[in-house]
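Naming convention: chains lettered A, B, ... in sequence-line order (proteins, then strands); numbering from 1 in each chain. Any value given below was found using the heavy atoms of this structure, including those in side chains, with hydrogens, waters and symmetry copies removed.
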Amino acid sequence: MTGCLIVGYFMSEIRVRFAPSPTGYLHVGGARSALFNYLYAKRNGGKFILRIEDTDQERSTEESLKMMVADLKWLGLNWDEGPNPETLKDMGPYGPYKQSERLKNYKAAAEKLLADGKAYYCFMTDEELEAAREKVKADGHQGHVESPWENGTVADALKKIAAGEKAVVRFKTRQLRKDYILKDLIRGEVKFPSDMIGDFVLLRSDGMPVYNFCCVVDDYEMKISHVLRAEEHLPNTLRQLMIYEGMGWKTPEFGHISLILDDDRQKLSKRKGAVACDQFMKDGYLPEAMNNYLALLGWSHPEQKEIMPMQEMVDNFSLDRVHAAGAVFDRVKLKWVNAQHLRALPNADIYKLISPFLKNAGLNLPTDLNWQMQSVEIFKPYMEILTDAVTLYTPLDDSKYEIFAESDEALAWPSSKAVLEAWKECVTAHAGETFTEADFLRIQDEVKNKSGQKGKNLFFPIRIALIGKPHGAELKILVPLMNKTSILKRAEKALAKVK
RNA sequence: GUUCCCAUCGUCUAGUGGCCUAGGACACCUCCCUUUCACGGAGGAUACAGGGGUUCAAAUCCCCUUGGGAACGCCA
C-alpha cells in the first residue's frame, strides 16, 4: 500500500515546459509564461523544460532560437531539459527537444489515429476549402467545413498519394459531439461545446505536423504534468483534448494565464513600444527587475510584497494566487521596480553594470576606483535604468559637456553674468588642481560675496557651469569629482552663453 | 458572426459571505527634508460596471445585461 503511494508520488513528478516558436524575439508575454512555469517547477521541486516549436519552417530561424536562448539565460530562467544553453545540443532524457527533429513521433501518432478511423486523408484544394468556408459563413451558422473525404479509406488515399496527389490528415470530429470539460487550474471549469470546431488538420500536405498535434504528442511523450500557457491557447485546448482522447492518453493539468495588454487593452504589441526582452536589456533593465515586475502581472505575493528577489518568488509561488483577468503592461511601474532593484545594489556592482553603457556612449571617464564609487553614490538616486547613467555621467566628460536648453532661463537672469564671472575668478585663484568639499564651500562663499547673489540666483548659474543644467546633484559633492582645468573650461562655455 | 474567457481606484492588485464607511503599490496632488532637482518621510484624492436574485448579512455565491478580450488557418 505504502509502496503504491510512493510509486504514485514519483509518477506525479512536476514537469512543466515553455515552448516558444523561434520566429522572432522573445516577447515579454512569452517571458512571463516562461517565468510562471519556472516558478512553478522550482516551487514544487519539478523540472522546467524548454521545447522548441519549429514546425513552421517558413518562419523558424536558427537566429531566433539563439536570441530566445540568450534572453532566457539573461532572465536566469534556467531549464533542466531542452537545448543546451551553450551548444544548443539536446540535454535530457526525453529529446529531441526541437519539434522539427521529432517528425517520426508525430507520424507514428497520426498513423495510429488513421488506423483507428479517428483521422483521415483529405484532398480538398485551397479553392474548395475557401468556397466551403464562404458557404458556411453565408448560412449564418457557425459551422465548419465538412470534407467529402471523411469516410475514405486509408488504402485508397495512399494510392492517390502515391500517384502524386497532395493530402492533409484531418482529425475526425463529427462523432465526438459532446461537451468537453476542462478543469483549468486558473479559471476553474471551462466547458467547450465540441461543435465549436470542425475537422482540423493534424499533418500538412508536406507532412509537417501542426501545432495542436505536436503539442499533444510532445507533452505526452515528454511526460509534461502541467501545461501553463497564455490564455490565447484556451480555445486550442479543445482540439488537444480531442487528440488526447483519440490517442487514449491521460491529459495533463492545464492552467491558462491571462494576456498581457497594451494600455488600450489589446494584446500587447510592438507598435506601442518595446515588447522584446532584449530591448529591455539594451535599455538597461535588470533581469531580476524584469522577473519581479512580470511576476506581479497576474500573481501576487501572499503578504503583498512588491519588490523581491527570485528566490522569494519561488518560495511563495502558487497557482491559486494567479489572477485570471488580463493585465496592462505599465512601463512606468516597471521602471520603478527596476529602480528599486538597482538602488539596492552595492555601488561597485552598479558601476560594473553601467560601465558598458558609459563605454558604449563613448564617454571618457576617470578610472580611479574611489572616483567611481563616489560618483555612483551621488548619481544613484537619479538612476532608474542603467541607460540613465549615460545622461548623468556625460557632463563629467569634458568633451561632452554642453549647456542644455533647460538652462536658458537661468542664464538669462541679469545676475547670472556676475555670478559666472566671480565663479571663474575664484576657481582660477584656487591653489590645487582638485577640490575638497570644504574648498568648494569656501569658493562658493567668495562667489556669494563678490556677486552679491544667493539662493537660486547663485546656485543655478554655477550648476549650469558645472553640468549644463540648473538641476541635479548637490554641488559640494559633485565638484570633488571634477578638476580645475575642466571646471574652468566649462565656466568659459557658460560665460560665452551669457555674453 | 460564432464559441470561449474576463470584470475592485487611471494602472497592477488584496479581498474566497460578516474583520470592508474596501487595504497596498505605481502614477497624481499637498506638506516635510533640502539654498535646486532627485532620493527619503508624512498626508490626500480616486474603485467593487449595471440590474435582479440567494442570505440575518454580499466586492465576495447565482442569473441577466453591458463592456472588454481572445480564438475561430496546411501560424504558434
Side-chain angles (χ1 to χ4, degrees), chain A residues 19-23 30 53-56 58-60 99 122 124 126 129 133 136-137 140-144 166-170 182 184 186-188 190-193 195-198 200-212 214-215 229-239 256 258-259 261 263-267 293 296-307 320-321 323-337 339-340 343 378-384 392 406 410 444 448 454-460 462-463 469-475:
Chain A
S21 56
T23 55
E53 310 221 324
D54 58 348
T55 53
D56 182 352
E58 305 262 298
R59 300 197 302 147
S60 299
Q99 291 187 329
C122 171
M124 285 175 89
D126 287 348
L129 266 174
R133 282 203 184 101
V136 164
K137 221 184 243 172
H141 188 63
Q142 81 153 119
H144 13 260
K166 294 276 180 209
V168 298
V169 174
R170 282 184 191 280
L182 169 67
D184 191 278
I186 294 167
R187 271 144 230 283
V190 179
K191 198 162 81 177
F192 300 107
D195 65 357
M196 72 188 265
I197 52 168
F200 53 92
V201 172
L202 260 19
L203 254 34
R204 295 179 249 234
S205 52
D206 63 1
M208 281 305 259
V210 135
Y211 167 75
N212 283 296
C214 325
C215 185
R229 44 144 66 146
E231 188 191 344
E232 55 195 313
H233 290 290
L234 193 51
N236 282 325
T237 311
L238 172 58
R239 292 179 174 78
H256 289 89
S258 71
L259 260 11
L261 276 18
D263 44 21
D264 60 1
R265 300 216 142 255
Q266 309 263 311
K267 205 165 121 183
Y293 177 71
L296 258 20
L297 246 33
W299 173 80
S300 61
H301 185 281
E303 280 126 49
Q304 289 296 99
K305 281 194 75 169
E306 303 243 13
I307 301 298
D320 50 358
R321 295 199 63 84
H323 199 139
V328 173
F329 191 67
D330 181 354
R331 287 154 210 281
V332 177
K333 184 152 185 182
L334 167 61
K335 241 186 195 185
W336 175 81
V337 170
Q340 301 309 306
R343 290 178 195 142
I378 297 172
F379 289 144
K380 194 160 53 172
Y382 295 85
M383 277 188 235
E384 289 191 301
L392 260 10
E406 58 196 277
Q444 170 189 285
K448 186 172 167 182
K454 56 176 184 171
K456 274 163 62 163
N457 290 331
L458 176 68
F459 288 93
F460 279 20
I462 297 180
R463 189 175 283 106
K469 293 176 185 178
H471 298 295
E474 226 179 317
L475 294 176

>> So if I define the base as every atom that isn't primed, P, OP1 or OP2, how would nucleotides 23-30 of chain B read as a B/S/- string at a heavy-atom cutoff under 4.0 Å?
In response: BBBSS---
Pairing check on [N]: which nucleotide meets the Watson-Crick or G-U wobble criteria with it, both distances under 3.5 Å?
N     : result
B:U2  : B:A71
B:C31 : B:G41
B:A7  : B:U66
B:A58 : none

How far, in whole Å, is [M] from [N] if one measures between their [atom1] atoms?
N     : M     : atom1 : answer
B:G23 : B:G15 : P     : 15 Å
B:U65 : B:U2  : P     : 13 Å
B:U60 : B:U21 : P     : 14 Å
B:G52 : B:U66 : C1'   : 14 Å
B:C33 : B:G43 : C1'   : 15 Å
B:G1  : B:G10 : C1'   : 33 Å
B:G17 : B:A58 : P     : 14 Å

> Measuring from A:Y293:OH to A:Q340:CD, what's the distance to the nearest 0.5 Å?
Replying inline: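 The OH atom of A:Y293 sits 14.0 Å away from the CD atom of A:Q340.
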>> Heavy-atom nearest nucleotide on RNA chain B for A:L458 versus A:L259: which residue maps closer to 5'?
In response: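 The residue mapped nearer the 5' terminus is A:L458.
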>> Return whichever of A:W299 or A:D126 has its heavy-atom-nearest nucleotide of RNA chain B closer to the 5' end.
In response: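 Nearest nucleotide further toward 5': that of A:W299.
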>> With side chain to side chain contact (heavy atoms under 4.5 Å, CB included) as the criterion, how do A:E232 and A:L259 come out once you've worked through the C-alpha distance, each side chain's angles and the decisive distance to 0.1 Å?
In response: CA-CA 7 Å; A:E232 55 195 313; A:L259 260 11; 4.3 Å; yes
> Below 3.5 Å, does any donor atom in the side chain of A:Y382 face an acceptor in the base of B:C37, or the other way round?
Replying inline: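 Counting by modelled atom types and ignoring angles, a donor-acceptor contact under 3.5 Å is found here.
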> Looking only at N and O atoms, is any donor in the side chain of A:S205 or the base of B:C74 less than 3.5 Å from an acceptor on the other one?
Replying inline: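 Yes.
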From the options [options], select the nucleotide whose nearest atom is closest to the side chain of [X].
X      : options             : answer
A:R239 : B:C72, B:U13, B:U36 : B:C72
A:H471 : B:U36, B:U13, B:G69 : B:U36
A:P193 : B:U3, B:A14, B:C12  : B:U3
A:V201 : B:C6, B:A76, B:C74  : B:C74
A:V190 : B:U13, B:C4, B:C39  : B:C4
A:K448 : B:C4, B:U35, B:A70  : B:U35
A:L129 : B:A76, B:C74, B:A14 : B:C74

>> With a 4.0 Å limit, can you tell me whether A:S258 has a side-chain N or O closer than that to the phosphate oxygens OP1/OP2 of B:G69?
In response: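 Result: no.
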> Is there a donor-acceptor contact under 3.5 Å linking the side chains of A:H256 and A:R229?
Replying inline: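 There is such a pair between these side chains.
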> Taking it one step at a time, do A:M208 and A:Q99 satisfy side chain to side chain contact (heavy atoms under 4.5 Å, CB included)?
Replying inline: CA-CA 10 Å; A:M208 281 305 259; A:Q99 291 187 329; over 6 Å; no
> If only atom types and distance count, is the side chain of A:D54 paired as donor or acceptor with the main-chain N or O of A:P22 below 3.5 Å?
Replying inline: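 Checked: no pair found.
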>> How about NZ on A:K456, more than 12 heavy atoms from neighbouring residues, nucleotides or ligands closer than 6.0 Å, or not?
In response: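 Not more than 12 within 6.0 Å, no.
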>> Does this structure show an ion pair linking A:K333 with A:E306, if we count only N-O contacts that are shorter than 4.0 Å?
In response: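 Yes, A:K333 and A:E306 are salt-bridged.
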> Does the ring centre of A:Y211 sit less than 6.0 Å away from the ring centre of A:H233?
Replying inline: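 Yes, ring centres under 6.0 Å apart.
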